[in-house]
Q: 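So that we are looking at the same thing, I have put the structure below in structure tokens.
Values reported hereafter were calculated over all heavy atoms of this structure, with side chains retained and with hydrogens, waters and symmetry mates removed. Starting from 1, each residue takes its place in the sequence as its number.
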Amino acid sequence: MSEVDGARIPESDEFINPNLTIKDICSGCNNEKISDTDGYICDLYEEYFSKIINEREKLFFRYDFDLLSRWILKTSFNLARVSGHSETEEYLERCREYIMRVCGIRPEFNLYLLTVKKSEVSDDYLEYVNEEADEDYQPPKSVVERGVLEPNIVAGTELNFGENRDEKELGYIVIINSYYFIVVFSSPESRVNRKMSDEPGVMDIPTGSEMRILNPPHLSYFESLKLFGML
């Protein structure tokens with residue numbers, strides 16, 4: 001799907017730090033114009049993100065596109081700055097007014113969702129552990145205790161699409177357990193956005209307020225780690 005360039009935020013038992021602020025913006029703007037997204041994401045976390053998706057589970061995901069997209073862009077901006085992803089940071093500088101709700105004009109981006117399921121330990125995973133994993137690799141707690149792979153992860157990293165600078169399109173992925181949010185920074189007609197619909201399990205998030213996922217194309221956690229190069 002893509003090459004992952006740059007460090008990801010390590011696995012953690014904690015939710016993404018709610019105290020992250022967009023630098024170069026006054027504290028009042030962070031508290032008043034952006035903090036509404038943090039409270040909203042906490043509500044979504046309680047309702048959806050805190051629960052690990054089962055294999056055949058059907059989902060009815062209700063959301064506010066404005067609040068969800070602004071939080072994902074804000075979080076991508078902060079993670080890009082922390083991780084030194086200068087190209088993503090440069091693009092997201094142009095989204096600042098949208099994030100802060102100063103301007104109602106939406107910048108060019110498309111938002112996608114990939115859902116990742118809890119799954120039994122597979123032969124592919126065991127082969128990876130036995131033949132490819134580093135010597136200091138430690139299987140997740142869920143594998144040791146219950147023999148299952150669970151996507152207990154909060155992470156984010158830059159995505160680079162394209163082989164050279166002229167063709168390259170950027171994106172960012174923000175992961176909260178079973179929910180992988182992918183934002184692509186280009187027009188809907190771009191090569192990457194056209195290709196996204198062909199990727200296994202990737203769904204476009206409409207600008208409305210709900211998604212019915214009745215035939216869940218959930219990937220396994222191990223498949224998702226391979227897809228985004230996080231092994």
Side-chain angles (χ1 to χ4, degrees), residues 1-10 16-27 29-30 33-38 40-41 44 63-114 154-176 179-199 202-207 224 227-230:
M1 176 175 173
S2 64
E3 293 296 322
V4 177
D5 179 22
R8 71 182 178 91
I9 303 302
I16 289 177
N17 183 0
N19 296 318
L20 282 175
T21 59
I22 295 183
K23 296 178 183 178
D24 308 326
I25 299 178
C26 70
S27 60
C29 292
N30 271 305
K33 296 181 179 179
I34 304 178
S35 61
D36 60 335
T37 64
D38 292 326
Y40 179 68
I41 289 299
L44 287 184
Y63 58 91
D64 180 304
F65 186 86
D66 175 71
L67 288 168
L68 177 62
S69 63
R70 286 170 56 225
W71 183 84
I72 290 171
L73 291 171
K74 183 193 80 165
T75 301
S76 299
F77 191 20
N78 281 315
L79 295 179
R81 293 189 124 178
V82 169
S83 304
H85 297 149
S86 57
E87 289 181 286
T88 294
E89 181 184 340
E90 180 181 346
Y91 177 83
L92 286 171
E93 285 280 0
R94 290 178 277 167
C95 301
R96 185 191 296 257
E97 290 188 346
Y98 176 78
I99 295 172
M100 295 175 60
R101 204 178 258 170
V102 173
C103 174
I105 300 175
R106 177 185 154 186
E108 284 193 336
F109 68 86
N110 273 58
L111 195 57
Y112 300 90
L113 173 64
L114 174 68
V154 175
T157 194
E158 184 178 68
L159 301 175
N160 278 325
F161 307 95
E163 298 294 328
N164 56 59
R165 186 174 183 83
D166 292 335
E167 297 179 352
K168 186 163 65 174
E169 296 178 50
L170 291 173
Y172 223 85
I173 182 170
V174 175
I175 302 171
I176 313 173
Y179 292 77
Y180 288 39
F181 292 100
I182 304 163
V183 56
V184 177
F185 308 130
S186 57
S187 70
E189 296 77 26
S190 72
R191 174 183 56 84
V192 170
N193 280 313
R194 292 197 307 269
K195 184 181 177 184
M196 271 291 176
S197 59
D198 297 327
E199 293 294 340
V202 176
M203 296 164 284
D204 179 69
I205 299 180
T207 55
S224 74
L227 182 64
F228 293 105
M230 294 195 292

Q: What heavy-atom pair brings V183 and S76 nearest, and what distance separates the two atoms?
A: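 Looking at all heavy atoms of both residues, the closest pair is CG1-OG, 4.1 Å.
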Q: Does S69 form a side-chain contact (heavy atoms from CB on, under 4.5 Å) with F109? I'd like the steps, not just the answer.
A: CA-CA 9 Å; S69 63; F109 68 86; 3.8 Å; yes
Q: Who passes side chain to side chain contact (heavy atoms under 4.5 Å, CB included) against P206, sequence neighbours left out?
A: Y63, M211
Q: Please round to the nearest 0.5 Å and tell me the distance separating atom CG of L79 and atom CD of E158.
A: 11.5 Å
Q: Show your working on side-chain contact (heavy atoms from CB on, under 4.5 Å) between D38 and K74 and close with a plain yes or no.
A: CA-CA 10 Å; D38 292 326; K74 183 193 80 165; 2.7 Å; yes
Q: Rounded to the nearest 0.5 Å, what separates atom CG in L73 from atom CG in N78?
A: 11.5 Å
Q: side-chain contact (heavy atoms from CB on, under 4.5 Å) for E108 and Y91? Distances and angles first, verdict last.
A: CA-CA 10 Å; E108 284 193 336; Y91 177 83; 4.1 Å; yes
Q: The test is side-chain contact (heavy atoms from CB on, under 4.5 Å); show your working for D66 and Y98 and say whether it passes.
A: CA-CA 9 Å; D66 175 71; Y98 176 78; 4.0 Å; yes
Q: I need the I173 CD1 to L159 CG distance, nearest 0.5 Å.
A: 5.5 Å
Q: Roughly how far apart are I41 CD1 and L44 CG, rounded to 0.5 Å?
A: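 The distance works out to 5.0 Å.
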Q: State, yes or no, whether a side-chain contact exists between C95 and F77 at a heavy-atom distance under 4.5 Å.
A: no
Q: Taking all non-hydrogen atoms of both residues into account, name the closest pair between R70 and I99 and its distance.
A: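 Scanning both residues, the minimum pair turns out to be NE-O, 2.8 Å.
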Q: For T75 and Y172, which I'm curious about, is there any donor-acceptor pair between the side chains at under 3.5 Å?
A: no
Q: Got a second to check how far I182's CD1 is from N110's CG, nearest 0.5 Å?
A: 11.5 Å
Q: Can you give me the closest heavy-atom contact between L67 and T37, atom names plus distance?
A: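 Looking at all heavy atoms of both residues, the shortest contact is O-CG2, 3.8 Å.
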Q: Is the backbone of D64 close enough, under 3.5 Å, to the side chain of Y40 for a donor and an acceptor to pair up by distance?
A: yes
Q: F181: which residues meet the ring pair (Phe, Tyr, Trp, His ring centres under 6.0 Å) condition with it, sequence neighbours left out?
A: F49
Q: To the nearest 0.5 angstrom, please state how far the CG atom of L111 sits from the CD1 atom of I72.
A: 4.5 Å
Q: If you compare all heavy atoms of V184 against all heavy atoms of Y112, which two are closest, and at what distance to 0.1 Å?
A: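 In this case the closest contact between V184 and Y112 is CG2-CE1, 3.9 Å.
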